[in-house]
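Can you read through this structure? Questions will come right after.
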Amino acid sequence: MVVGVLTVELHIYEATSLKDKRHVVRSTLDTLRNRFNLSAAEVDHLDEWQQATLGFSCVGNDKQHVNGILNKALDLLYADPRIEVVDVTMEFW
C-alpha cells in the first residue's frame, strides 16, 4: 500500500474577503475530490484573505499510479486562472 500526500500553498488573486477566498477554495476542493477521488482539505492560512494551503491524499497499490493522480491534480491547480501555486510538497509512504 502506498499513501501519497500533496500539500499546495496558494495565492488567490481575486479574494477581497474571506467569503471570496472560501468560494474559490471550496470549488477547487470539490472539483479535485470529484475528478480524482482524493481526500482534500484546507489545512493552513484559514483566516487570511489571499492565501490558502490545501492538503490532498491518495492511497493505492502502486507508487506510480498514486504519483500520477497527484500530478494530474497539481496540473489542474496550475491551470486555474484564479490562483497561483506558490509552493508544493509531495510525500509518499
- [ ] Check whether any side-chain heavy atom of D87 sits under 4.5 Å from a side-chain heavy atom of V8, and report yes or no.
- [x]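 No, side chains not in contact.
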Open item on the list: Could you check whether any side-chain heavy atom of I69 comes within less than 4.5 Å of a side-chain heavy atom of F56, counting everything from C-beta outward?
Closed with: no
Open item on the list: For A52 versus E42, what's the shortest heavy-atom pair and its separation?
Closed with: CB-OE2, 4.0 Å
- [ ] May I ask whether L29 and L46 are part of the same hydrophobic cluster, defined by side-chain heavy atoms of I, L, V, M, F, W, Y residues being less than 4.5 angstrom apart, directly or through others?
- [x] no
TODO: Inspect the contact between D30 and R22 and indicate whether a charged nitrogen and a carboxylate oxygen are less than 4.0 angstrom apart.
DONE: no
TODO: Is it possible for you to say whether L54 and V5 belong to one hydrophobic cluster, with membership spreading through side-chain heavy-atom contacts below 4.5 Å?
DONE: no
Open item on the list: So, taking the atom named NZ in K21 and the one named CD in E14, what distance separates them when rounded to the nearest 0.5 Å?
Closed with: 15.0 Å
Open item on the list: How about CG on D62, more than 12 heavy atoms from neighbouring residues, nucleotides or ligands closer than 6.0 Å, or not?
Closed with: yes
Open item on the list: Check this for me: H65, atom NE2, are more than 12 non-hydrogen atoms of other residues, nucleotides or ligands nearer than 6.0 Å?
Closed with: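 Open: at most 12 neighbouring heavy atoms sit under 6.0 Å from NE2 of H65.
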Task: Pairwise distance CG(L74) to CG(L32) - rounded to 0.5 angstrom - done: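 It is 9.5 Å, given to the nearest 0.5 Å.
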Open item on the list: Do K63 and F92 have side chains that approach each other closer than 4.5 Å (heavy atoms only, starting at C-beta)?
Closed with: yes
- [ ] Could you tell me which non-hydrogen atom of L70 sits nearest to which non-hydrogen atom of L6, and how far apart they are?
- [x] O-CD2, 3.8 Å
Task: Pair D75-N71, side-chain donor/acceptor within less than 3.5 Å - done: no
- [ ] To the nearest 0.5 angstrom, please state how far the CD atom of E91 sits from the OG atom of S57.
- [x] 12.0 Å
Task: Single-linkage hydrophobic cluster V3~V43, side-chain heavy atoms < 4.5 angstrom - done: no
Open item on the list: With rounding to the nearest 0.5 angstrom, report the CG to NZ distance, L76 to K72.
Closed with: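 That separation rounds to 11.5 Å.
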TODO: Say whether F36 and Y78 are linked into one hydrophobic cluster, either directly or through other cluster members, by side-chain heavy-atom distances under 4.5 angstrom.
DONE: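 Same cluster.
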Task: Any Y13 side-chain heavy atom under 4.5 Å of R82 side chain - done: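 SC-SC contact between Y13 and R82 ruled out.
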Task: Reported CD1-to-CG distance for the pair I12 and L10, which is rounded to 0.5 angstrom - done: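 Those atoms lie 6.0 Å apart.
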Open item on the list: Once rounded to the nearest 0.5 Å, what's the spacing between atom CD of E48 and atom NE2 of H11?
Closed with: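 Answer rounded to 0.5 Å: 11.5 Å.
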Open item on the list: Is it the case that over 12 heavy atoms from other parts of the model lie below 6.0 angstrom from the NE2 atom of H23?
Closed with: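 Counting other residues, nucleotides and ligands, NE2 of H23 stays at 12 neighbours or fewer.
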Open item on the list: Taking the side chain as everything from C-beta on, heavy atoms only, tell me whether V59 gets closer than 4.5 Å to M1.
Closed with: yes
- [ ] Indicate, with yes or no, if V88 and V25 share a hydrophobic cluster defined by side-chain heavy-atom contacts under 4.5 Å among Ile, Leu, Val, Met, Phe, Trp and Tyr.
- [x] yes
Open item on the list: Keeping E9 on the side-chain end and T53 on the backbone end, is there a donor-acceptor pair under 3.5 Å?
Closed with: no
